[in-house]
There are 2 protein chains.
Amino acid sequence: MASTIQEVHDEEAHQFRSREHPSVAVDVVIFSLRERPPDVDHPADVDLQVLLIRRGAPPFKGMWAIPGGFVGMCESLDEAARRELAEETGVTNVWLEQLYTFGLPDRDPRTRVISVTYYALVSADRLSPLAGSDATEAAWHSVYALPPLAFDHAKILNYALTRLRYKLEYTAAAFELLPEEFTLRELQEAYMVILDDYKLDKANFRKKLQREGQEVVVPTGRFRETGGRPAELYRFDETSKLEVKARRLFP
Amino acid sequence: MASTIQEVHDEEAHQFRSREHPSVAVDVVIFSLRERPPDVDHPADVDLQVLLIRRGAPPFKGMWAIPGGFVGMCESLDEAARRELAEETGVTNVWLEQLYTFGLPDRDPRTRVISVTYYALVSADRLSPLAGSDATEAAWHSVYALPPLAFDHAKILNYALTRLRYKLEYTAAAFELLPEEFTLRELQEAYMVILDDYKLDKANFRKKLQREGQEVVVPTGRFRETGGRPAELYRFDETSKLEVKARRLFP
DNA sequence: ACAAAAGTGTTGAGAGTACACCCATGC
DNA sequence: GCATGGGTGTACTCTCAACACTTTTGT
């Protein structure tokens, strides 16, 4: 417990000589708001989904997993995450944030692998018809109907979902999941689907948008045809301060 | 970009054969609320401080750094963080949370070191008079008057401070920094010092404590002598739900 | 009596919520 | 006209913040 300056030096030097290092991987939870398959009964047209990869090799062969890979020696963690994201979806320039680092010694049965996880928000209109390509089995899954997942990926996904929900409550993150232009109903449905809370009041929701950050959304002149009266299209106002004046919650 | 199942397998297998792995370290930002040195002019008696270690070896020899060390092959990240914390302060069973993982390729000039950072909250009454021991130069520094720091530790510390402040706003984290029993003024000063906001209203602060989680603090019968009327001592009510009914901030 | 610090009550502005209502389009 | 969905207005409640006030101790 006690250690002199020299001992600290020795300890560090020893560590640098030692070859026993864990592997470091990045795993990226990729969220998108996609059209809900017609067989599911739900009032909303959209669904919150994640991209999963079916493992072709043991361990957990045949099970679904969050896309990821090892960190190169010369790339930053963010770069590694963006590389993985591009490899799986082809998209770049998306919203990406580090989530948590998982490091239980036995989370990978082969060797010690420490996983730095990220989550990404991709709007559906930027995705190609089917992510990636040919033989790699990648597929979108509703977060409300997930298959069993490999490793500790269920825990990771759960955590990502929790974080996404918090993020939505004090940040303009929802816009990253919507196309450039959207109707206010679409925005509201995004909130309701992600927060799994289907009882937001239309009028109050709109009033908040007007006030909160003063002009969070701005109307384009255009409209979208719907069943009834056409809905005006809005876009997110980048210039809005959006500093969500952190109201203190506690105490 | 395109990859078959076989290629994925090969890529993974290659990674496991390869010996080129980064080192993984944990660094722990240790916060405590300590008596403010008398030479600093500030209305509060307490100060938010962090424990720093003076480096005895290059690189950055002689500069101050956040305490940390390498992760053992058989310990989890949390275990490694608690081990470091115990080595530096002697305390166990403290509040500890993972912060962020820093991984720029050149953040350590020697080799690739990925740092998983944590922050800890330790109440001053649990600390021994001087942390650690003899020759290891460890010292508490006010977060409002920090020396230049080694590596990217200034960035880490900044981030830790930001997170601590957010944590305080929707969580009962402040109690981790106070002794078992405290006066309401001490609690309020803790908030004001940490949030660097010295204008909370006494009456309103107390009213919130009464309501918010319904009984966040409970009075002990005891009192503390102060300059004027004695102040009642309170303690945190562990049983209070404290689920800070997440009021939506946005939109 | 006075200073110092603990502790309380009152009030007005703004935010949140519920709910009812009007408007534009297609058939 | 009527169904469908878009888009307000109103009124009640609760929270928040400011500020003035009362109480209890030591000197």
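Here is the naming used below: chain letters follow the sequence lines, and residue numbers restart at 1 for every chain.
- Exactly one residue among Leu99(A), Thr117(A), Leu157(A) makes a side chain to side chain contact (heavy atoms under 4.5 Å, CB included) with Asp27(A). That residue is Thr117(A).
- Under the rule for a ring-ring contact (aromatic ring centres under 6.0 Å, His included), the partners of Tyr119(A) that lie at least two apart in sequence or sit in another chain are Trp95(A).
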Discussion item. For a quick check, with a 4.0 angstrom heavy-atom cut-off, what is the B/S/- contact string for nucleotides 21-27 of chain C, read 5' to 3'?
Written reply: --BBS--
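- Among the nucleotides dA18(D), dG9(C), dT17(C), the one closest to the side chain of Asn204(B) is dA18(D).
- We find that CG of Asp201(A) is positioned 17 Å from P of dC12(D), with the value rounded to whole Å.
- The phosphate of dG5(D) has neither OP1 nor OP2 within less than 4.0 Å of any side-chain N or O from Arg185(A).
- A donor-acceptor contact shorter than 3.5 Å links the side chain of Thr226(A) to the backbone of Arg229(A).
- A donor-acceptor contact under 3.5 angstrom links the side chains of Asp78(B) and Tyr118(B), judged on distance only.
- A straight line from CZ of Phe223(B) to C1' of dG26(D) spans 17 Å, rounded to a whole angstrom.
- Taking atom CG on Asp197(A) and atom C1' on dG16(C), their separation rounds to 14 Å, with Å as the unit.
- Crowding of Asp125(B) atom CG: a count of heavy atoms from other residues, nucleotides or ligands under 6.0 Å exceeding 12.
- Remark: Thr101(B) pairs with Thr101(A) by the side-chain hydrogen bond (donor to acceptor under 3.5 Å, both in side chains) rule, at least two apart or across chains.
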